[in-house]
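Below is one structure, written out as structure tokens; comments come after it.
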Amino acid sequence: MRSLIDILDFSVKELDDLMATALDIIAHPAMYSQSCRGKKLATLFYEPSTRTRLSFEAAMYELGGEVLGFSEPNSSSAAKGESIADTARMLSCYADIIAMRHPKDGAPLVASMNASVPVINAGDGGHNHPTQTLTDLLTILREKGRLTDLTIGCCGDLKYGRTVHSLINAMSRYSGIRFVLISPDELRIPDYVREGILEKGNIPYEETDDLEASISGLDILYMTRIQRERFTDIEEYERLKNSYILTPEKLRNAKSDMSILHPLPRVNEISTAVDKDPRAAYFRQALNGKFIRMALILRLLMLAEEDPENEQRIPDEGVLINKLRCGNPRCISTVEQELDQIFLAPQGLNGSCRCLYCETEKSVRNGE
């Protein structure tokens, strides 16, 4: 079934169509109030969430649908050891569409490979968060009036920040986009984003650890928190957690029309004094999340009804199954029961391979 696992699952035209629908929902909410009557959304949240889970629920309710699911794994059969694949098959019997958040990279992909209803990735580990990216795109469009010719600064945890990875993936397909990547060395953007997206696409970018020196040239400042839950070394987290704190003083050299975004929750990386600044768009951004998720739910349910055979498939070329093992401890393939280890390997067992689930790369030579 057609799902949204990665932001690249949708073409630029499909993204633009989704945002057009969201704008129409904003303008004419009554027209959509019964669009999902008789439909059910299952929310499977294996790690804590406030905005994402509640915005999905609010979106479905405002479309006239119903919601079922769980907000923590201990209240589900996951506590008994049920696999993601079995949970997805089971929930397909009860719901018309699934929204899933999981701490392991690639878990929603596994769900989509086993569910018979659309699956929406609501965040998988430090990997991807495509519906947050849809929220970001709609916010940028509403704040700036365009999605082209922008300099975007991404600041904070760029290593584990799945929202940043998805945003770079999406915005790199629009013209005139330039990125300034602001982070400590320990939290720099992963190689698969730097090399596989920015450099491969010839997208202009620079890396720096100096926010104040970079802020004057930005059209968008995308702040992120240092995520304690992604660190295995708590001492490293304590050392890095206060790396960047945005204050009114640091905004003095910023453009008067720069927009400040943040996926939330914030800890202390944006001072509450910044909230009064008209450039602070993060609470408007949270509201936009409801509207774009309404548009997404409508789109996927429509595709499911129009063409039940409209599936997302693994690429046919350069696929290795159970010949390698992923070395990423955060990958779902390390814990999911009897899950095939699948690598995309254009050059077979003599080149660079990429795990289908988490996109971790490994080089192999002659099968070793």
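Keep in mind that what you see is a predicted model, and the values were worked out from it rather than measured.
- Residues forming a salt bridge (charged side-chain N to carboxylate O under 4.0 Å, His left out) with K362 (at least two apart in sequence, or on another chain): none.
- In the model, D157 has no side-chain atom that pairs as donor or acceptor with a side-chain atom of Y244 under 3.5 Å.
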Next item on the list: For E212 and N253, run side-chain hydrogen bond (donor to acceptor under 3.5 Å, both in side chains): C-alpha distance rounded to whole Å, both residues' side-chain angles, the deciding distance at 0.1 Å, then the answer.
Entry: CA-CA 8 Å; E212 293 181 68; N253 295 325; over 6 Å; no

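- Between E207 and R188, at least one side-chain nitrogen of the basic residue sits less than 4.0 Å from a carboxylate oxygen of the acidic one, meeting the salt-bridge criterion.
- Taking both residues in full, the closest heavy atoms of P190 and L158 are given as CD-O, 3.3 Å, listed atom of the first, atom of the second, then distance.
- For the residue pair N328 and D105, a side-chain donor N or O sits within less than 3.5 Å of a side-chain acceptor on the partner.
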For residues 290-305, which side-chain donor-acceptor pairs fall under 3.5 Å, sequence neighbours excluded?
unit_1	atom_1	unit_2	atom_2	d
K290	NZ	E62	OE1	3.4
K290	NZ	E62	OE2	2.9
R293	NE	T131	OG1	3.4
R293	NH1	S55	OG	2.9
R293	NH1	G289	O	3.4
R293	NH2	T131	OG1	3.1
E305	OE2	K39	NZ	2.8

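- Relative orientation of the H262 and Y282 rings is perpendicular, given thresholds of 30° and 60° on the angle between their planes.
- Using a 3.5 Å distance cut-off with no hydrogens or angles, the side chains of N128 and S166 do pair a donor with an acceptor.
- Between Q132 and T163, the side chains place no donor N or O within less than 3.5 Å of an acceptor N or O (distance only, hydrogens not considered).
- Y205 and E199 share a side-chain donor-acceptor pair at under 3.5 Å.
- Side-chain contact check for N288 and T135: no donor-acceptor pair (N or O, by modelled atom type) lies under 3.5 Å.
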Notebook entry, point to check: Could you walk me through whether I84 and Y46 pass the side-chain contact (heavy atoms from CB on, under 4.5 Å) check?
Noted result: CA-CA 10 Å; I84 297 297; Y46 290 81; 3.8 Å; yes

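- Residues passing the side chain to side chain contact (heavy atoms under 4.5 Å, CB included) test with S175 are T148, sequence neighbours excluded.
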Next item on the list: Evaluate the side-chain hydrogen bond (donor to acceptor under 3.5 Å, both in side chains) criterion for residues D124 and Y357: first the C-alpha distance (whole Å), next the side-chain angles of each, then the deciding distance (0.1 Å), finally the verdict.
Entry: CA-CA 10 Å; D124 62 331; Y357 307 107; over 6 Å; no

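- Using a 3.5 Å distance cut-off with no hydrogens or angles, the side chains of R101 and T52 do pair a donor with an acceptor.
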